Amino acid sequence: SIGAELDFPVDNSEIAIRIFTTRPDTLFGATFVCLSPAHPLAAPLTEDQEGLKRIRQLYDKQDAATAQTTLGMFTGKYAINPMNGERIPIYVAAFVLMDYGTGAIMSVPAHDSRDFEFAKAHNLKIRQVITPELEPSRGYEQSFKIETPEGWQDLSISVLEAAYEGDGYLVNSGMFTDLPNKEAIVSIIYYGATRGIGTASVKYKLRDWGISRQRYWGTPIPVIYCPTCGAMPVPEGQLPVVIPENIELKGEGGSPLALLESFVTTKCPKCHGPATRETDTMDTFVDSSWYFIRYCSKMDEDAFDKDNIEHFMPVDQYIGGVEHAVLHLLYSRFFTRVLRDLSVVAVDEPFKRLLTQGMVCKETLKCPEHGWLFPEEAKGGKCARCHQTVERGRVEKMSKSKKNVVTPDELTEHYGADTARVFSLFAAPPEKDIDWSDQGVEGSYRFLNRLWALIYSNIEQLKMHKRTAAKSGPLIRKTHQTINKVTQSVERDYHFNTAIAALMELLNEVSSFRPSNDEDYAALYFAVRSMLLLLSPFAPHICEELWQAIGEKGSVLLHEWPQWDEEAAKEEEIELVIQINGKVRAKEKISASLDDSAKKEIALNNEKVKELIAGFRVKQVIVVRGKLVSIVLEK
């Protein structure tokens with residue numbers, strides 16, 4: 001974050017609060033100062049120590065994602081805004097994090113949403129100092145006076161409905177009024193620096209990464225501890241440190257390796273005296289930060305073969321869970337940059353494209369006495385142990401602690417693995433959260449059963465006509481359209497839900513198809529065969545069974561992906577005739593598959609028709625035999 005650090009003197013004291021801001025252009029709009037509850041000045045400046053203690057306890061339990069934007073208290077002290085001399089209150093606020101910036105901020109509620117929420121909750125001033133070019137007023141104004149080094153000045157504040165966080169021009173900002181805010185950032189930083197008020201500053205939101213874990217199965221940390229020489233790296237010739245296999249896992253906490261004397265005891269690589277090994281292993285993020293580079297080469301090749309790495313890196317598409325995407329992506333970028341600087345890789349970024357998949361969420365169930373419950377413990381809406389009414393909580397991500405989980409074993413035992421796969425992929429696009437639905441699972445199960453029943457009810461005819469060439473027709477056209485839709489959804493968009501929806505549409509079409517001759521059965525076979533190939537990535541088990549059942553050889557998963565024909569996929573067209581009060585006024589080429597409501601809309605939006613009916617009231621619109629739209633105007 002690029003910005004400025006400035007000192008806000010505490011009124012009637014020798015203390016100054018150093019704040020960091022990325023928005024020095026809004027300095028004149030600062031109407032209060034906020035300290036983190038962990039800030040060293042929070043306790044000395046706060047009169048109500050018990051209140052501060054309560055806020056600090058809540059602050060210690062939160063993180064950046066769960067920070068409460070309105071939790072805070074007035075310290076009883078005031079600071080002086082160094083830009084205009086205004087006396088403004090000092091608050092302790094839970095949303096201000098001590099590990100970012102200086103742990104103290106100037107609060108500009110008119111132009112920061114968190115400050116705005118806090119100001120509204122604590123009835124604090126909201127002064128607009130940036131306005132859009134073409135929107136000079138975003139609310140009504142209130143006038144008030146402030147004391148400055150030059151004396152008392154009149155100022156006005158805009159009463160806003162929400163913080164305005166966009167760009168624009170400065171207002172109520174002294175000599176900087178009317179400047180574009182981007183230009184004002186530089187001017188105000190320079191002004192502050194020349195008068196000893198503050199300096200330009202760059203801050204980082206990085207935290208130390210604690211990579212040690214008390215696990216047996218991680219990568220050993222190659223460090224040796226010598227009482228004489230201190231911590232020493234394991235010599236390169238003794239790498240890698242191999243985890244022993246004769247380990248006893250007691251499940252009592254701590255590192256299991258620490259209990260194995262033969263592993264712990266070693267010699268110092270420097271003085272050769274008695275020493276001990278580090279028994280913690282590395283966080284798995286360490287390995288996952290670079291393993292994709294190792295995948296560029298085979299196991300019997302060098303770990304960092306430059307030709308292989310240049311050929312494969314960067315990764316074309318990376319997929320990861322949304323919860324660890326930020327850290328994993330950040331660590332991977334660190335490792336890639338270091339390896340670049342060591343001339344191991346020639347790229348700056350590890351991944352070309354990143355897809356973060358959503359979470360699976362489900363309703364929670366809670367007993368007032370026994371806490372979270374599994375669904376089987378809350379049958380009939382009553383707790384199985386105490387029979388109290390169960391509270392139905394909000395839909396949250398599945399977690400063992402909240403017992404709102406559905407295990408794969410339950411699903412596969414009752415429905416089979418294919419149903420679980422199809423529902424999970426059909427419920428939402430991969431980047432969105434899935435709200436678990438038992439009805440949705442049942443729907444996916446019925447879809448697969450319908451496919452099975454359809455094929456087996458026509459199995460002999462399908463086998464008989466597998467060699468017959470399929471000719472054009474509505475079912476052939478729909479099949480080619482489905483191949484196109486599924487292919488695009490999978491390869492281009494990763495929207496597996498729309499791919500499965502297209503297959504469900506095709507199944508509906510096939511189910512309503514009534515074959516009566518060899519050509520019809522050939523078309524049916526083409527549709528069924530294509531459907532099995534398209535569905536096989538989502539439901540491989542049932543597709544494999546049905547593939548064999550219709551007489552195909554080899555695995556369905558090893559067969560070529562079906563190709564669509566642009567000509568065959570084209571919709572059949574008809575000429576739509578449009579009448580107004582019984583006279584033909586226009587004609588349009590349209591798809592024959594459109595329903596009556598679509599045909600009415602096309603007729604009414606025809607340019608010539610719109611001119612002719614302008615100023616009249618449309619009394620009725622009738623579709624006749626699917627090819628004529630009659631518009632009746634009121635006389």
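Quantities reported herein were computed from a predicted structural model and do not represent experimental measurements.
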Would one find more than 12 heavy atoms of other residues, nucleotides or ligands at under 6.0 Å from atom [atom1] of [X]?
{"X": "Arg294", "atom1": "CZ", "value": "yes"}
{"X": "Asp208", "atom1": "CG", "value": "no"}
{"X": "Glu236", "atom1": "CD", "value": "no"}
{"X": "Glu601", "atom1": "CD", "value": "no"}
{"X": "Glu363", "atom1": "CD", "value": "yes"}
{"X": "Lys599", "atom1": "NZ", "value": "yes"}
{"X": "Tyr295", "atom1": "OH", "value": "no"}

Measuring centre to centre across the rings, with the benzene-like ring taken for any Trp, is [X] within less than 6.0 Å of [Y]?
{"X": "Phe304", "Y": "Trp290", "value": "yes"}
{"X": "His465", "Y": "Phe526", "value": "no"}
{"X": "Phe423", "Y": "Trp436", "value": "yes"}
{"X": "Tyr521", "Y": "Tyr525", "value": "no"}
{"X": "Phe351", "Y": "Phe292", "value": "yes"}

Return the minimal non-hydrogen interatomic distance between [X] and [Y], and the atom names on each side.
{"X": "Pro375", "Y": "Lys362", "answer": "CG-NZ, 3.9 Å"}
{"X": "Val629", "Y": "Ala603", "answer": "CG1-CB, 3.6 Å"}
{"X": "Glu349", "Y": "Pro314", "answer": "O-CB, 3.4 Å"}
{"X": "Ile434", "Y": "Ala428", "answer": "CG1-CB, 4.0 Å"}

Testing the 3.5 Å rule here: is there a donor-acceptor pair between the side chains of [X] and [Y]?
{"X": "Ser555", "Y": "Glu544", "value": "yes"}
{"X": "Thr487", "Y": "Trp561", "value": "yes"}
{"X": "Asp493", "Y": "Gln488", "value": "no"}
{"X": "His559", "Y": "Arg529", "value": "yes"}

Are side-chain heavy atoms of [X] and [Y] found at a separation under 4.5 Å?
{"X": "Val405", "Y": "Phe374", "value": "yes"}
{"X": "Ile631", "Y": "Gln579", "value": "no"}
{"X": "Trp452", "Y": "Ile542", "value": "yes"}
{"X": "Thr336", "Y": "Leu339", "value": "no"}
{"X": "Met313", "Y": "Cys296", "value": "yes"}
{"X": "Gln548", "Y": "Cys543", "value": "no"}

Check ion pair [X]-[Y] (N to O, under 4.0 angstrom):
{"X": "Asp348", "Y": "Arg337", "result": "no"}
{"X": "Lys627", "Y": "Glu575", "result": "no"}
{"X": "Glu607", "Y": "Lys610", "result": "yes"}

Short side-chain to backbone donor-acceptor contact, [X] and [Y], under 3.5 Å:
{"X": "Thr279", "Y": "Ser255", "value": "no"}
{"X": "Ser424", "Y": "Arg421", "value": "no"}
{"X": "His480", "Y": "Asp565", "value": "yes"}
{"X": "Thr482", "Y": "Leu503", "value": "no"}
{"X": "Gln461", "Y": "Ile459", "value": "no"}
{"X": "Glu165", "Y": "Ser113", "value": "yes"}
{"X": "Lys306", "Y": "Ser343", "value": "yes"}
{"X": "Asp418", "Y": "His541", "value": "yes"}

Please report the C-alpha distance between Glu431 and His495 in whole Å, then the side-chain angles of each, then the deciding distance to 0.1 Å, and finally whether the side-chain contact (heavy atoms from CB on, under 4.5 Å) criterion is met.
-> CA-CA 9 Å; Glu431 70 275 10; His495 282 183; 3.5 Å; yes
When you measure from the centre of the six-membered ring of Phe263, is the NZ or CZ of Arg277 under 6.0 Å away and within 45° of the axis?
->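 Yes; both conditions hold, so Arg277 lies above the ring face of Phe263.
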Pi-cation contact, Trp372 with Lys403 (under 6.0 Å, within 45°) =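 Judged by the rule, Lys403 and Trp372 form no cation-pi pair.
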How long is the span from the CD1 atom in Ile578 to the CG atom in Asn606, to the nearest 0.5 Å?
->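 Between Ile578 CD1 and Asn606 CG, I get 4.5 Å after rounding to 0.5 Å.
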Taking only residues at least two apart or on different chains, which pairs with a member in residues 495-508 satisfy salt bridge (charged side-chain N to carboxylate O under 4.0 Å, His left out)?
-> Lys478-Glu505
In Asp280, Thr219, Asp283, the residue satisfying side-chain contact (heavy atoms from CB on, under 4.5 Å) with Arg213 is Asp283
Looking at Val441, Leu448, Asn449, which one forms a side-chain contact (heavy atoms from CB on, under 4.5 Å) with Tyr445?
->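 Exactly one pass, corresponding to Asn449.
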Begin with the C-alpha distance, continue with both residues' side-chain angles, and end with the deciding distance and a verdict on side-chain contact (heavy atoms from CB on, under 4.5 Å) for Met531 and Leu507.
-> CA-CA 8 Å; Met531 203 177 337; Leu507 180 60; 4.1 Å; yes
Verdict with reasoning, Leu533 to Trp547, per side-chain contact (heavy atoms from CB on, under 4.5 Å) = CA-CA 8 Å; Leu533 286 167; Trp547 185 255; 3.7 Å; yes
Results of side-chain hydrogen bond (donor to acceptor under 3.5 Å, both in side chains) for Thr498 - residues two or more places apart only = Ser489
For Tyr494, side-chain hydrogen bond (donor to acceptor under 3.5 Å, both in side chains) partners two or more places apart |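 Testing Tyr494 for side-chain hydrogen bond (donor to acceptor under 3.5 Å, both in side chains), a comparison that skips the adjacent residues, returns Gln317.
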Can you say whether the rings of His328 and Tyr291 are parallel (under 30°), tilted (30 to 60°) or perpendicular (over 60°)?
-> parallel
